[in-house]
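Each chain gets a letter, A, B and so on, in the order its sequence line appears, and its residues count up from 1.
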Protein chains: 4
Amino acid sequence: MTDAPRTARGTRTRARLLEAAEQVFAECGYSEASIVRITEAAGVAQGTFYLYFSSKLEIFEELVEDLNRRVRHAMTEAAAGATTRIESERAGFRGFFEFTAQHPALYRIVREAEFVSPSALRLHYTRIVDGYIDGLSTARDNGEVGDINPGIVAWILMGIGEMVGMRWVLWGSDVADDGAAGAENDPTASGTSRVPDEVFEQMMRFIQRGLGAPAPGTPPEHAQKTGKDRT
Amino acid sequence: MTDAPRTARGTRTRARLLEAAEQVFAECGYSEASIVRITEAAGVAQGTFYLYFSSKLEIFEELVEDLNRRVRHAMTEAAAGATTRIESERAGFRGFFEFTAQHPALYRIVREAEFVSPSALRLHYTRIVDGYIDGLSTARDNGEVGDINPGIVAWILMGIGEMVGMRWVLWGSDVADDGAAGAENDPTASGTSRVPDEVFEQMMRFIQRGLGAPAPGTPPEHAQKTGKDRT
Amino acid sequence: MTDAPRTARGTRTRARLLEAAEQVFAECGYSEASIVRITEAAGVAQGTFYLYFSSKLEIFEELVEDLNRRVRHAMTEAAAGATTRIESERAGFRGFFEFTAQHPALYRIVREAEFVSPSALRLHYTRIVDGYIDGLSTARDNGEVGDINPGIVAWILMGIGEMVGMRWVLWGSDVADDGAAGAENDPTASGTSRVPDEVFEQMMRFIQRGLGAPAPGTPPEHAQKTGKDRT
Amino acid sequence: MTDAPRTARGTRTRARLLEAAEQVFAECGYSEASIVRITEAAGVAQGTFYLYFSSKLEIFEELVEDLNRRVRHAMTEAAAGATTRIESERAGFRGFFEFTAQHPALYRIVREAEFVSPSALRLHYTRIVDGYIDGLSTARDNGEVGDINPGIVAWILMGIGEMVGMRWVLWGSDVADDGAAGAENDPTASGTSRVPDEVFEQMMRFIQRGLGAPAPGTPPEHAQKTGKDRT
DNA sequence: AATGAATGAGAGTTCATTCAT
DNA sequence: TATGAATGAACTCTCATTCAT
């Protein structure tokens with residue numbers, strides 16, 4: 001009754017609907033987004049929507065799944081060339097922020113998903129977290145980080161990334177915010193993401209210390225202790 | 001055209017509406033919540049609502065403001081007796097999680113606010129963050145933590161608290177989640193909040209290290225203590 | 001959330017909706033009838049409908065119930081003055097046909113109810129049938145009719161009345177129908193109903209005989225046997 | 001613009017559509033039935049439907065026509081071997097009930113047809129009635145029944161059959177119904193139809209008497225036989 | 001201060017039908 | 001002959017809001 005297109009034309013239409021949905025959801029959020037808006041954006045009739053999706057919720061969940069796949073891809077892709085744990089972490093966060101900057105939908109959609117589709121929300125977070133867990137477990141076993149519990153610390157990293165991403169990528173550096181003034185005034189951010197360098201560095205330094213990781217270039221046996229010496 | 005009640009009866013009605021709204025918003029989210037439901041829960045007629053609030057948005061924003069005031073109160077109250085920075089931090093997080101456990105509305109409402117009232121959302125986060133900034137600035141000047149940028153690190157702490165709160169307070173410890181298995185199986189959480197002790201301790205250790213703070217029981221002259229000296 | 005009006009105005013509106021619904025259902029049948037049509041006919045807004053009825057089905061069922069009550073009232077009322085069983089039967093059918101002529105909705109609605117609300121349909125028939133059963137049981141015990149099973153014969157009477165009503169009241173006497181030509185050409189029907197006299201008399205004679213009832217003015221002891229002698 | 005298939009394959013497809021339609025209409029009624037459902041049940045694409053039928057109404061009317069032909073066939077077939085009028089009547093009703101039991105569609109569809117296609121409905125009834133009229137006219141001329149008006153009595157028989165069929169074939173014997181209790185408890189019905197024997201016998205006795213026909217086993221010179229002589 | 005009837009725009013969804021392939 | 005994508009009007013139903021009482 002719905003779902004899989006059987007011709008090339010159908011495939012194209014379905015894809016256009018998904019694109020339109022991402023755009024509309026990002027702009028107005030789940031509940032303000034309407035099928036009319038989505039189909040208008042996709043340039044098809046309302047009825048066409050129901051040829052491929054059985055409800056607004058269904059396309060939403062597919063979209064969350066899709067974005068999740070893409071953000072994870074962006075993160076692993078970014079981290080691909082890294083040789084040390086911490087480099088990989090840096091690259092991963094960079095990838096995350098850049099993806100967020102390019103697809104603000106991710107953030108907006110995911111946060112609202114709490115009410116719309118709790119299961120989709122959990123799956124999204126859990127999948128990303130699982131990636132962190134893998135990396136952290138390996139790093140711990142290699143002595144690259146301290147004796148942390150990866151299943152917990154992964155959520156911490158997730159929280160940091162999400163909040164920093166919201167604050168600096170989504171809101172931008174022009175937000176009135178006493179106290180971080182220095183950073184605000186410097187909109188020069190590396191890459192395409194809008195996280196100012198100082199913010200990114202502070203964040204990475206915090207994480208590194210938090211993980212009990214040796215500073216870059218420091219012999220591994222001094223790990224946590226000598227973290228202060230760098231810079 | 002609305003707003004301030006002029007009699008004691010009116011004051012009571014208004015309060016009942018706010019209470020009902022918190023409950024209804026927490027249960028269904030902003031857009032699913034309807035005035036009918038709120039007025040029903042408050043035991044008044046639909047028209048009565050508009051005697052005290054000019055729109056659904058208005059009561060929502062007032063509610064966010066109210067919750068924000070209360071969560072900050074809970075945090076400072078909890079931290080009141082603390083003598084060291086880290087103790088205060090611990091107590092603050094404890095207070096935060098406990099409040100969240102008792103008022104899941106906070107989380108749910110705030111996360112959806114992104115689309116409903118971005119300004120309310122920002123105000124909420126900013127106010128909490130400002131509290132962190134104050135504490136962190138003082139701590140840095142006292143040498144209790146490393147030479148961090150409080151305007152950035154505050155957001156990091158916010159992110160950690162929010163994600164851990166979502167994961168363990170809102171979702172509970174019974175969520176399937178490979179990797180943090182040990183923690184999951186131990187639902188003994190201190191206080192009324194549902195964050196398992198191990199999770200809480202891991203989080204605090206991460207934060208402490210991240211801040212460049214001396215580990216508890218560690219002689220202050222060592223490693224982390226001097227973190228502030230750099231730069 | 002729906003149903004009972006609390007003011008005189010509300011009561012009036014609800015009644016207008018029911019009236020409009022009867023009219024619209026009679027005209028177009030259940031599925032072609034739309035809430036728009038009903039509310040337009042009632043002169044209220046669409047939303048108003050849902051103040052008093054939670055769905056099209058609900059108003060339909062209430063209407064069937066209502067019509068059922070009224071048709072039974074019309075039948076018993078008509079039969080009130082009758083002294084013998086057969087007189088009462090005659091009067092009852094007369095009442096039935098007259099009501100049908102004035103409220104064609106009854107027929108149309110009830111017949112379509114098979115798909116819409118089987119329970120309402122059954123209740124409708126069962127209630128009328130129960131009336132027949134009572135009358136027939138008494139008549140049998142009095143020796144006014146033969147040794148029939150009232151629980152079966154009642155349905156037979158129901159069927160006769162319904163079909164004759166459909167054929168002559170609803171379709172009218174102007175229907176092309178070879179074979180009953182004589183009756184057709186005589187549109188003079190007693191009372192306000194449109195069942196031609198000959199049809200009514202044939203029907204009553206059939207029923208009388210079928211019941212094993214003595215012809216009017218015949219001593220009861222000859223009951224079935226001498227039925228032929230009358231006229 | 002549509003209609004007649006030109007190949008064997010087309011003929012098969014058309015037949016499959018009709019079959020599917022009967023099934024779907026019987027299940028959901030006319031308005032709830034959708035072309036999608038019919039085509040799905042038939043295993044063809046939606047567009048294919050319009051190759052053979054120009055509209056939903058058209059297939060409906062063809063179906064009513066078809067069923068009408070078949071039910072009449074079933075009735076005449078069943079009555080074929082009968083030697084007396086009353087035997088033939090019995091057999092005819094048996095055939096009718098059996099057909100109804102096997103094709104509940106007949107009932108359901110026909111009753112809803114009132115709104116969908118009044119002309120089809122009338123044609124359906126009229127044709128069956130015409131069969132009765134023929135039989136009754138002959139019987140009357142032969143003195144097998146009283147001096148009835150076949151054009152009227154035929155409709156009476158139709159009504160009896162329809163109501164008994166609805167009550168016992170469609171609803172079944174397990175319907176709560178005070179008064180006919182004895183019959184309910186005996187689900188042993190002859191043939192494949194579900195009309196209990198007692199119900200069938202009561203019905204036939206009623207009809208026989210109503211027609212002024214001699215009871216079976218009654219010497220023809222008595223009572224009912226001479227009913228025709230009156231007037 | 002409080003009520004609850006009334007509104008009407010707009011939501012999601014269905015479906016008979018058309019048409020290019 | 002057969003497909004299935006596409007249409008768009010129509011449907012039922014919801015809800016924030018207004019207003020007479």
Side-chain angles (χ1 to χ4, degrees), chain A residues 1-2 4-14 31-39 43-57, chain B residues 5-14 31-39 44-57, chain C residues 1-2 5-14 31-39 43-57, chain D residues 5-14 31-39 43-57:
Chain A
M1 210 172 274
T2 51
R6 266 173 254 265
T7 68
R9 187 187 178 195
T11 310
R12 247 178 294 127
T13 303
R14 193 179 197 280
S31 30
E32 286 305 297
S34 69
I35 268 75
V36 193
R37 281 233 257 270
I38 295 175
T39 51
V44 301
Q46 282 190 58
T48 305
F49 177 91
Y50 292 91
L51 249 33
Y52 302 107
F53 304 96
S54 62
S55 68
K56 197 167 99 165
L57 182 58
Chain B
R6 275 171 229 293
T7 68
R9 186 188 177 191
T11 309
R12 246 178 297 123
T13 304
R14 193 179 196 280
S31 33
E32 286 303 297
S34 71
I35 303 295
V36 196
R37 246 144 114 154
I38 294 175
T39 51
V44 301
Q46 282 187 63
T48 306
F49 178 90
Y50 290 89
L51 253 32
Y52 301 107
F53 305 95
S54 62
S55 70
K56 192 171 138 179
L57 183 58
Chain C
M1 208 172 274
T2 51
R6 263 174 258 266
T7 67
R9 190 189 178 191
T11 310
R12 246 177 297 127
T13 303
R14 192 179 198 280
S31 29
E32 285 304 298
S34 70
I35 268 75
V36 192
R37 280 235 256 272
I38 295 175
T39 50
V44 300
Q46 282 189 57
T48 305
F49 177 90
Y50 293 92
L51 250 33
Y52 302 107
F53 305 96
S54 62
S55 68
K56 196 167 99 165
L57 183 58
Chain D
R6 275 170 231 292
T7 69
R9 185 187 178 195
T11 310
R12 246 178 296 123
T13 303
R14 191 176 199 282
S31 33
E32 287 304 297
S34 72
I35 303 294
V36 197
R37 249 145 114 152
I38 294 175
T39 51
V44 301
Q46 283 186 61
T48 305
F49 178 91
Y50 291 89
L51 253 31
Y52 301 107
F53 305 95
S54 63
S55 70
K56 191 171 139 179
L57 183 57

Quickly work out the [X] [atom1] to [N] [atom2] distance and round it to whole Å.
X: A:I38; N: E:dT13; atom1: CD1; atom2: P; result: 11 Å
X: B:Q46; N: F:dT17; atom1: CD; atom2: C1'; result: 9 Å
X: C:L51; N: F:dT17; atom1: CG; atom2: P; result: 18 Å
X: B:R12; N: E:dA1; atom1: CZ; atom2: P; result: 13 Å
X: C:R37; N: F:dA10; atom1: CZ; atom2: P; result: 11 Å
X: B:F53; N: F:dC15; atom1: CZ; atom2: P; result: 20 Å

OP1 or OP2 of E:dA2 under 4.0 Å from side-chain N/O of B:Y52: yes
Under 4.0 angstrom between B:Y50 side-chain N/O and F:dT17 OP1 or OP2: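 So the side chain of B:Y50 is within the cut-off, an N or O lying under 4.0 Å from OP1 or OP2 of F:dT17.
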Any side-chain heavy-atom pair of B:F49 and B:V44 under 4.5 Å: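 Counting from C-beta outward, B:F49 and B:V44 never come under 4.5 Å.
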Minimum side-chain heavy-atom gap B:I35-B:T39 below 4.5 Å: yes
Point-to-point distance, once rounded to the nearest 0.5 Å, from CZ of A:R12 to OG1 of A:T7: 7.5 Å
Closest-nucleotide 5' rank along DNA chain F - winner of B:I35 and D:T13: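 The residue closer to the strand's 5' end, by nearest nucleotide, is D:T13.
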First of D:F49 and C:R9 reached from the 5' end of DNA chain F, by closest nucleotide: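 By nearest-heavy-atom nucleotide position, the 5'-most residue is D:F49.
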Minimum-distance nucleotide (side-chain atoms of A:S34 versus F:dT3, E:dG8, E:dA11):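 Taking heavy atoms from C-beta onward, the closest nucleotide is E:dA11.
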Residue D:T7, side-chain heavy atoms: nucleotide from F:dT1, F:dT12, E:dA11 that is nearest: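 Taking heavy atoms from C-beta onward, the closest nucleotide is F:dT1.
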Sugar-phosphate, base or nothing in reach of C:A33, heavy atoms under 4.0 Å: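 C:A33: backbone/sugar contact only, no base atoms under 4.0 Å.
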Touch class at under 4.0 angstrom, heavy-atom based, for B:T48 against every strand present: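 B:T48: base contact, heavy atoms under 4.0 Å.
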Most 5' of B:G10 and D:S55 on DNA chain E, judged by nearest nucleotide: B:G10
Nearest-nucleotide comparison on DNA chain E, the residue closer to the 5′ end among A:E32 and D:E32: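 The residue mapped nearer the 5' terminus is A:E32.
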Identified pairing partner of F:dA20, criterion: Watson-Crick or G-U wobble below 3.5 Å: E:dT3
Closest contact, heavy atoms only, A:E32 versus A:R37: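 Smallest interatomic distance, heavy atoms only, reads O-NH2, 3.5 Å.
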Exercise: identify the closest heavy-atom pair between A:P5 and A:G10: CB-C, 3.4 Å
